[in-house]
Amino acid sequence: MISRLLVANRGEIARRIFTTCRALGIGTVAVHSDADADAAFVAEADHAVRLPGNTPGETYLRIDLVLEAARRAGADAVHPGYGFLAENAEFATAVTDAGLTWVGPPAKAIAAMGDKLAAKTLLAEAGVPMLPSWTEPDQVSGFPVLVKASAGGGGRGMRVVRAADGLADAVASARREAASAFGDGTVFIERYVERGRHVEVQILGDRFGTVTALGARDCSIQRRHQKIVEEAPGVLAPEVRQRLHEAATAAGRAVDYVGAGTVEFLLAPDGDIFFLEMNTRLQVEHPVTELTTGLDLVRLQLLVAEGAPLPITTLPPTTGHAIEVRLCAEDPTQGYRPATGTLHRFTVPAVATEFGPLAGPGLRLDSGVTDGSVVSVHYDSMLAKVISWAPTRDEAARALAGALARAELHGVATNRDLLVRILRSPEFAAVDIDTGFLDRHPEVFAPLLPPEELPVAAVAAALASAADRRASAPVLAGLPSGWRNVSAFPQVTRYAGPDGGEIEVRYRLDRRGALAEWSVAPGDDSPAAGDAAFPAGVAPALTLVEAHPDRVVLDVTGVRRTYRVHRVGPEVFVDSPDGALGLTELPRFPLPGAELAAGSLLAPLPGTVTRVHVELRQRVAAGDLLLTLEAMKLEHPVLAPTDGVVAELPVPAGGQVETGAVLAVVNPDEEAQS
């Protein structure tokens, strides 16, 4: 029997495992980097051991440090979670050699499935259907193809190539990313199926030879080959579901699988299925299976690790429908690059439970963050999983979209608006989905806040700030903001908007405190100048109903609306019935500062320059690749903004940069700067 379990992972999966351990009476041990010292999962563990350093290679990937932490904390078992060392056969062997219970499949099964090339050969012999694949670019016959990392998943090291002239560069780039993410740069090339759906089967095995399928999930909606929306049960024809279950259990039996695992498939439009990979661990999306089957998969993992037989040998009855979204720290204005910062507020309304079962229709939240959490550059960008269960798919999608739209997510940019628009799209409702969904539907990338609502939300921000100043005024706090004996001039508040451009709000309150006049316009240098965010025509009629530092009620052309306002220093977050807006209040009298050289390219987030592709004084064209920045486990290409000459390259390959650092300067003149 396991008495004290160390979780060799971090964030929401560590908290998820601790939840089951508390229910079973098992003690818990967390390991943490310096960056995670104040994280929620560390506070919730019974014991915590510091792994000095910040990066995964310094901390969570150090097998010796993790085992030493288990010894020091008195743990008798190790659960790898679903990242870092979860699919590392060497780690599984080291844990068992140390006399500890390993909560996972045998090292032999991990090794067999960890090499995707070898796995394809092994499972093809077991009758699992496969796509044609190649190991070298010159072997490829026909396009499009997909370049994939052999040693890992999560979309890292994956590239779609549609013509032969792009294959060599895609393979080289995939190898670099795979080597960085997994320590192994081996890649292979596979036929790419257009309009394919990504479906997977949850399996469980025990030490007595039982391998059971627990239903199929649909994970087709992906961005950068990473899943962002997952659901169970997948909407599939009965015969397709049966073939998936049979192929998945055959794969599990072929490697004598023990514990929880997932076999992933590609479903072609004609109904054919093809093996993609087998993940020898618990998956991020496991909650949708738990909510539709009523099973606790972590509990079953622990029971199997202790040597017990599976209490189920066939697929249990499933009820209702569950949908999960991955809420990630990503900046929509920067092409959904990973974002960093401090989460000043993280609130999702109507959450019925965290990390556990639901008593009826409702929401479950599996989160690694809380108010005040710092999102760093060292780890991936997922903040939380929000999961909805309801009797029908339509009800689950509607409830999940509504909760996300009303969530207060302040301080770090997220993909929340994208997720809501996906869930509310008619194509999602019609199950017209596949792995190319986002490529075909660019409309879902639009922000939730309609352009015509941005000026009103900005006015609400300004009125809340004024109310805050009046409430804290040392004298005459009861007078309306901006009051004068002769009220002739409006008050002016300037903000940096979500696109980085300037927004200027002008308003005047009369002697009764009513809104006498208002206007919102972009600054002269704002990217929004002339944009639809500030539409021409008659502005809506606004009446101020009430204004408080944290809440403003406006009558907008006869419709009353409440705007929730949260201020943190100069940052102002406005949550409205139609969408959210983040602003930064600019100083009234800014200090003079140094100006950047024209053509400067700035780092969008902290990271490491892995490669510099050009030289000083080299002539480049708009769109040429200048250098590659690696951050949060992903490569980010830095491209020339215009035709010109490379004038500065201040950061060499291997150099680390912070957000806003100058990476390169492209001089649009014909000659390089001397």
Sequence neighbours excluded, every pair satisfying side chain to side chain donor-acceptor pair (under 3.5 Å) that has a member inside residues 413-424: none

Value rounded to 0.5 Å, distance of CD in Glu290 from CG in Asp366: 8.0 Å

Nearest heavy atoms of Tyr60 and Asn9, plus distance in Å: CE2-O, 4.3 Å

Any Ile422 side-chain heavy atom under 4.5 Å of Phe437 side chain: yes

Side chain proximity check, Leu663 to Leu602, heavy atoms < 4.5 angstrom: no

Glu285 and Arg326: CA distance, side-chain angles, deciding distance, salt bridge (charged side-chain N to carboxylate O under 4.0 Å, His left out) verdict: CA-CA 9 Å; Glu285 57 271 23; Arg326 302 191 190 192; 2.9 Å; yes

Pair Glu230 + Arg217, salt bridge at N-O below 4.0 Å: no

Donor-acceptor contact present, side-chain Arg494 to main-chain Pro587, <3.5 Å: yes

Side-chain (Thr20) to main-chain (Ile17) donor-acceptor, under 3.5 angstrom: no

Any donor-acceptor N or O pair under 3.5 Å, side chains His286, Gln202: no

Trace of the salt bridge (charged side-chain N to carboxylate O under 4.0 Å, His left out) decision for Arg10 with Asp380: CA-CA 11 Å; Arg10 62 182 296 279; Asp380 68 52; 5.6 Å; no

Over 12 non-hydrogen atoms of neighbours within 6.0 angstrom of CG in Asp371: yes

4.5 Å side-chain heavy-atom contact, Leu327 and Phe346: yes

Straight-line distance of Ile228 CD1 to Leu419 CG, nearest 0.5 Å: 5.5 Å

Spatial distance of atom OG1 (Thr289) from atom CG (Leu295) [nearest 0.5 Å]: 9.0 Å

Flag, side chain of Asp510 to backbone of Ala516, donor-acceptor distance under 3.5 Å: no

Partners passing side chain to side chain contact (heavy atoms under 4.5 Å, CB included) against Thr59 (at least two apart in sequence or in another chain): Ser33, Leu51, Tyr379

Beyond-backbone contact of Arg223 with Leu418, side-chain heavy atoms, under 4.5 angstrom: yes

Heavy-atom donor-acceptor pair, Lys385 side chain to Glu324 backbone, under 3.5 Å: no

Solution key, residues 349-356 side-chain donor-acceptor pairs under 3.5 Å, sequence neighbours excluded:
none

Side-chain (Trp389) to main-chain (Thr319) donor-acceptor, under 3.5 angstrom: yes

Under-4.0 Å salt bridge between Glu427 and Arg440: no

Contacts of type side chain to side chain contact (heavy atoms under 4.5 Å, CB included), residue Val431, not counting sequence neighbours: Arg197, Val235, Arg393, Ile433

Arg15 and Thr19 side chains, donor-acceptor separation under 3.5 Å: no

Residue pair Phe573 / Leu409, side-chain heavy-atom distance below 4.5 Å: no

Rounded distance [0.5 Å steps], CG in Leu291 versus OG1 in Thr318: 12.5 Å

Contact list for residues 568-579, test side chain to side chain donor-acceptor pair (under 3.5 Å), sequence neighbours left out: His344-Glu571, His410-Asp575

Modelled atom types, side-chain donor and acceptor of Asp394 and Thr392, under 3.5 Å: no

Separation between CG of Leu448 and CG of Leu581, rounded to the nearest 0.5 Å: 12.0 Å

Flag, side chain of Ser367 to backbone of Ala384, donor-acceptor distance under 3.5 Å: no

Test side chain to side chain contact (heavy atoms under 4.5 Å, CB included) applied to Ala462 - qualifying residues, sequence neighbours left out: Thr493, Tyr495, Val505, Tyr507

Trace of the salt bridge (charged side-chain N to carboxylate O under 4.0 Å, His left out) decision for Arg551 with Glu546: CA-CA 8 Å; Arg551 185 170 60 91; Glu546 54 183 286; 3.0 Å; yes

